[in-house]
Amino acid sequence: MISFRTKADTGASIAIIVAILILIGTAVVMIFIPPPSTAGIVAGKARSKTEIVERIRQLKSDEVAAKTVVASQTWTESAEEIGPKALSFITSFAQKNRLKLIAFRPQKAVEVNSMDQLPFLISVEGPFPGVMGILQDLEDPALKLGTSLVQISSSDPSSDLVSATIGIVAYRNLDVKKTTIVNTNAAK
């Protein structure tokens with residue numbers, strides 16, 4: 001029984017009242033909250049399917065955008081044509097920045113995924129601001145060349161002359177090469 005006459009009865013009475021309130025609250029919740037139905041489960045699956053389809057569409061759109069960026073930064077010419085074009089860029093940049101072009105050395109091509117990585121090693125001498133100028137010129141995205149290495153050392157301690165070794169890389173899509181070969185064979 002619920003009684004508040006003595007201190008010993010008060011604790012037990014409060015516990016009984018709390019238990020009754022919890023029981024009433026649980027009954028009210030069970031009455032007003034509908035049980036899960038198959039319609040709700042089906043709607044949840046349909047919503048999940050719609051979200052997945054939308055995510056796939058977004059990923060395909062992102063893939064197209066990424067392929068466009070990659071295509072804008074890769075060469076379509078043959079490997080034999082890329083070296084001379086890169087050399088002409090470097091020669092003009094060296095003249096513009098008053099540098100002496102010591103060497104332009106093609107390195108061994110490396111196949112990475114579906115790309116040819118064509119590295120070149122450049123050696124120049126001249127004033128430090130000129131070396132910084134040629135590095136800035138090489139950063140132009142229209143060149144389709146990436147700088148992979150920069151080593152600068154002082155040539156003459158009493159002047160601003162330096163020697164620099166610069167590594168650049170040109171990327172060429174191998175799929176373009178295969179397409180060109182297939183088209184050439186089809187024309188014969």
Side-chain angles (χ1 to χ4, degrees), residues 48-157 159-188:
S48 294
K49 183 179 179 182
T50 304
E51 289 171 358
I52 290 170
V53 167
E54 177 60 27
R55 181 70 178 140
I56 289 171
R57 188 196 61 73
Q58 180 64 38
L59 288 172
K60 285 182 180 180
S61 172
D62 292 348
E63 178 186 23
V64 168
K67 284 183 177 182
T68 302
V69 170
V70 168
S72 74
Q73 294 300 307
T74 55
W75 292 76
T76 56
E77 292 87 350
S78 69
E80 293 78 23
E81 295 173 317
I82 295 172
K85 287 184 179 184
L87 177 58
S88 76
F89 293 143
I90 299 304
T91 303
S92 67
F93 294 152
Q95 290 171 349
K96 174 183 151 190
N97 291 293
R98 296 182 183 94
L99 296 172
K100 181 179 177 185
L101 181 60
I102 304 299
F104 180 84
R105 295 185 190 99
Q107 306 296 306
K108 183 179 178 186
V110 178
E111 186 177 324
V112 179
N113 295 332
S114 64
M115 306 284 274
D116 260 345
Q117 185 179 18
L118 305 167
F120 301 95
L121 202 58
I122 305 161
S123 295
V124 292
E125 283 184 350
F128 180 77
V131 172
M132 297 312 292
I134 198 170
L135 290 173
Q136 188 173 9
D137 291 339
L138 286 170
E139 292 299 319
D140 183 3
L143 294 177
K144 299 179 184 180
L145 297 171
T147 305
S148 62
L149 167 77
V150 177
Q151 292 179 335
I152 302 173
S153 61
S154 177
S155 295
D156 183 11
S159 70
D160 68 344
L161 295 178
V162 295
S163 296
T165 301
I166 303 168
I168 59 171
V169 180
Y171 290 95
R172 186 170 168 280
N173 195 338
L174 290 176
D175 294 336
V176 172
K177 179 172 65 175
K178 291 175 186 171
T179 304
T180 306
I181 292 170
V182 170
N183 290 341
T184 306
N185 291 337
K188 291 180 180 177

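Index from 1, following the sequence. All values reported here derive from a predicted model rather than from experimental measurement.
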Does Asn113 have any side chain to side chain donor-acceptor pair (under 3.5 Å) partners at least two apart in sequence or in another chain, and if so, which?
none
Restricting to pairs with a member in residues 125-134, which pass salt bridge (charged side-chain N to carboxylate O under 4.0 Å, His left out), not counting sequence neighbours?
none
Please enumerate all residues that pass side chain to side chain contact (heavy atoms under 4.5 Å, CB included) together with Leu161, with sequence neighbours excluded.
Pro127, Ser155, Ser159
ring-ring contact (aromatic ring centres under 6.0 Å, His included) partners of residues 129-157, not counting sequence neighbours, each pair once:
none
Nearest atoms (heavy-atom pairs only) where Gly126 meets Leu99
CA-CD2, 3.6 Å
Which atom pairs, one a donor and one an acceptor, fall under 3.5 Å between side chains of residues 101-110 and the rest of the protein, sequence neighbours left out?
| unit_1 | atom_1 | unit_2 | atom_2 | d |
| --- | --- | --- | --- | --- |
| Gln107 | NE2 | Arg105 | O | 3.1 |

Approximate separation, where rounding is to 0.5 Å, of Asp116 CG and Tyr171 OH:
11.0 Å
Salt bridge (Lys or Arg N to Asp or Glu O under 4.0 Å) with Arg57: which residues, sequence neighbours excluded?
Glu54
Once you round to the nearest 0.5 Å, how far does CE of Met115 lie from CZ of Arg172?
10.0 Å
Please name all residues satisfying side chain to side chain contact (heavy atoms under 4.5 Å, CB included) with Ile52, sequence neighbours left out, ordered by chain then number.
Ile56
Run the side-chain donor-acceptor check on residues 82-89: report pairs under 3.5 Å with partners two or more places apart or on a different chain.
| unit_1 | atom_1 | unit_2 | atom_2 | d |
| --- | --- | --- | --- | --- |
| Lys85 | NZ | Glu77 | OE2 | 3.1 |
| Ser88 | OG | Lys85 | O | 2.8 |

What residues, two or more places apart in sequence or in another chain, satisfy side chain to side chain donor-acceptor pair (under 3.5 Å) together with Lys67?
Glu63
Run the side-chain donor-acceptor check on residues 133-149: report pairs under 3.5 Å with partners two or more places apart or on a different chain.
| unit_1 | atom_1 | unit_2 | atom_2 | d |
| --- | --- | --- | --- | --- |
| Asp137 | OD1 | Lys96 | NZ | 2.9 |
| Asp137 | OD2 | Lys96 | NZ | 3.3 |
| Asp137 | OD2 | Asn97 | ND2 | 2.9 |
| Glu139 | OE2 | Thr147 | OG1 | 3.3 |
| Asp140 | OD1 | Ala142 | N | 3.2 |
| Lys144 | NZ | Thr74 | O | 3.4 |
| Ser148 | OG | Gly167 | O | 3.3 |

Side chain to side chain donor-acceptor pair (under 3.5 Å) filter on Gln151, not counting sequence neighbours, yields none
Do the non-hydrogen side-chain atoms of Ile90 and Ile166 ever get within less than 4.5 Å of each other?
no
For the OG atom of Ser163 and the NZ atom of Lys100, what is their distance to the nearest 0.5 Å?
10.0 Å
